[in-house]
Number of protein chains: 2
Amino acid sequence: MRVDARRNREHLLTTARAVIAEQGPEASLNEIARQAGVGPGTLYRHFPTRQALLAAVFQDRVETLCARADDLLTHTSPDEALDLWSRDVLAHALTDGGMSTSMTRDPAEPGFDCHAAMRSAATGLLSRAQREGRTRRDVDVEDFFQLVTGVALAASELPGGLERADHLLAVTLAGLRDRDRGGTAGWRSGADG
Amino acid sequence: MRVDARRNREHLLTTARAVIAEQGPEASLNEIARQAGVGPGTLYRHFPTRQALLAAVFQDRVETLCARADDLLTHTSPDEALDLWSRDVLAHALTDGGMSTSMTRDPAEPGFDCHAAMRSAATGLLSRAQREGRTRRDVDVEDFFQLVTGVALAASELPGGLERADHLLAVTLAGLRDRDRGGTAGWRSGADG
DNA sequence: ACCTGAACACCGTTCAAGT
DNA sequence: ACCTGAACACCGTTCAAGT
């Protein structure tokens, strides 16, 4: 890669980060290019699609979340780890709006695949919570992501911010817990139907 | 209202219904006007904002859902009524994509206020389920709507359709149920913490 | 009183022409 | 090999001019 190309790419990313931070993930690509001082064609050369740009912009945050998942995996109990990580994901999704779509949408980006990374991190936490915790076994990683991003999407459309979103997430996570498991004292199977 | 104005309004609505049905709620307003055979200014005169147009387009479906709520209110048990209605709302939201946003967003439209209508229908079902059923008392109507539309928004971004969405909704509704209530046999308070 | 449609400032995207 | 930026076909929205 030529040196000026590399420099352009870098500068585009920095600019995109700033513009997206204040205008959201639907920010105009032309404007990002303009603020970066390059032609629109240059932006398209480096990031052929908006998703590609968003993936690059959010890469480090996704990596942070993945590291956090690893940490929780070894230091926290199965169900609690899943809960805590969900809250982290939600917080990030609310802060930089586009991340939820970056996580949900599938196109494997050349270079860095946000979705694959998140999916892998989530799989570890979820399957452990299902194996050793009290988490329902009839939800897969896709389900789990959709539930969390669903809360994020809905909450980002209305005021109330993280506080409200946290409450909604708590309800959702309660639904994720299996009522037919983990019973020790005085619990009888079949009480629910 | 002049007779040609009324005719134009009618024709715009019919066209909008068709175009939105096949292109989704983000369909071009100019194109709707074009297909209706009027200038864009005429569309804006009748429907000053996209939300206003969507509200008019979805009015009858909202009214159907409200009637259904009334029906469930008098013919079905509190918790089941809430579940069934949620599924109806979800199905409608998935079919005509924009309805979820029409429901969530607040601007009181002159003429017909989708959000107010839905909110009123939901309040009846939810408060009854909280009073006489086993539904958590720490969620309000706004929370309830955000959860349902959240599932709809997330599910509409990925394939899988109503079947998948239904599964996600089931998880969410499970979270809506209060574990500390409705117990008759062998249940001890405080078992969960 | 209502409709009209040209016009404006934007958008995403492409591609011949440059260096 | 990479950048450039004019150009294209669109978008939402407005508003003077018509009837």
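Reminder, nothing fancy here: chain letters follow the sequence lines and each chain counts from 1.
At a cut-off of 3.5 Å, with distance as the only test, a side-chain donor of B/E63 or B/Q59 sits close to an acceptor on the other residue.
Of all nucleotides present, only C/dG18 satisfies the Watson-Crick or G-U wobble test against D/dC2, with each distance under 3.5 Å. Pairing partner, D/dA7: C/dT13, with both Watson-Crick or wobble hydrogen-bond distances short of 3.5 Å.
Rounded to an integer number of Å, the gap from CD of B/E10 to P of C/dC3 is 13 Å. Atom P of nucleotide D/dC11 and atom CG of B/L43 are separated by 13 Å, given to the nearest angstrom. Spacing between atom CD of B/E26 and atom P of C/dG12 amounts to 14 Å, rounded to whole angstrom units. Protein atom CZ of A/R45 is 7 Å distant from nucleotide atom C1' of D/dC3, rounded to whole Å. Per the geometry, CD belonging to B/E31 stands 21 Å off P belonging to C/dC11, to the nearest Å. Separating the CG atom of B/L53 from the C1' atom of D/dC11 is a distance of 16 Å, rounded to the nearest angstrom. In this structure, NE2 of B/H11 is placed 12 Å from P of C/dT4, rounded to the nearest angstrom. When the C1' atom of D/dA1 is taken as reference, atom CG of A/N8 falls 13 Å away, rounded to whole Å.
A close approach under 4.0 Å does occur between a side-chain nitrogen or oxygen of B/H46 and OP1 or OP2 of C/dC3. For B/R34, a side-chain nitrogen or oxygen approaches OP1 or OP2 of D/dC11 to under 4.0 Å.
Counting only residues at least two apart or in different chains, side chain to side chain donor-acceptor pair (under 3.5 Å) contacts with residues 14-31 of chain B comprise B/E31-B/Q35.
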Would A/D88 and A/R68 count as a salt bridge (Lys or Arg N to Asp or Glu O under 4.0 Å) if you check the C-alpha gap in whole Å, the side-chain angles of each, and the deciding distance to 0.1 Å?
CA-CA 9 Å; A/D88 284 356; A/R68 168 83 167 140; 2.5 Å; yes
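Looking at every heavy atom in both residues, B/L73 comes nearest to B/G124 through CD1-O, 3.9 Å. Contact detail for B/L125 and B/A69: the closest heavy-atom pair is CD1-CB, 3.8 Å. The heavy-atom pair separating A/L94 from A/A152 by the smallest distance is CD2-O, 3.8 Å.
Side-chain proximity of B/S28 to C/dC3, D/dC11, C/dC11: nearest is D/dC11. Counting only heavy atoms from C-beta on, A/A5 has its side chain closest to D/dC2 among C/dT4, D/dC2, C/dC11.
Salt-bridge formation is detected for the pair B/R177/B/D83: a Lys NZ or Arg NE/NH1/NH2 atom is positioned less than 4.0 Å from an Asp or Glu carboxylate oxygen.
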Distances under 3.5 Å between nitrogen or oxygen atoms of protein and nucleotides 13-18 of chain C:
{"residue": "C/dT13", "atom": "OP2", "partner": "A/Y44", "partner atom": "OH", "Å": "2.6"}
{"residue": "C/dT13", "atom": "O5'", "partner": "A/Y44", "partner atom": "OH", "Å": "3.3"}

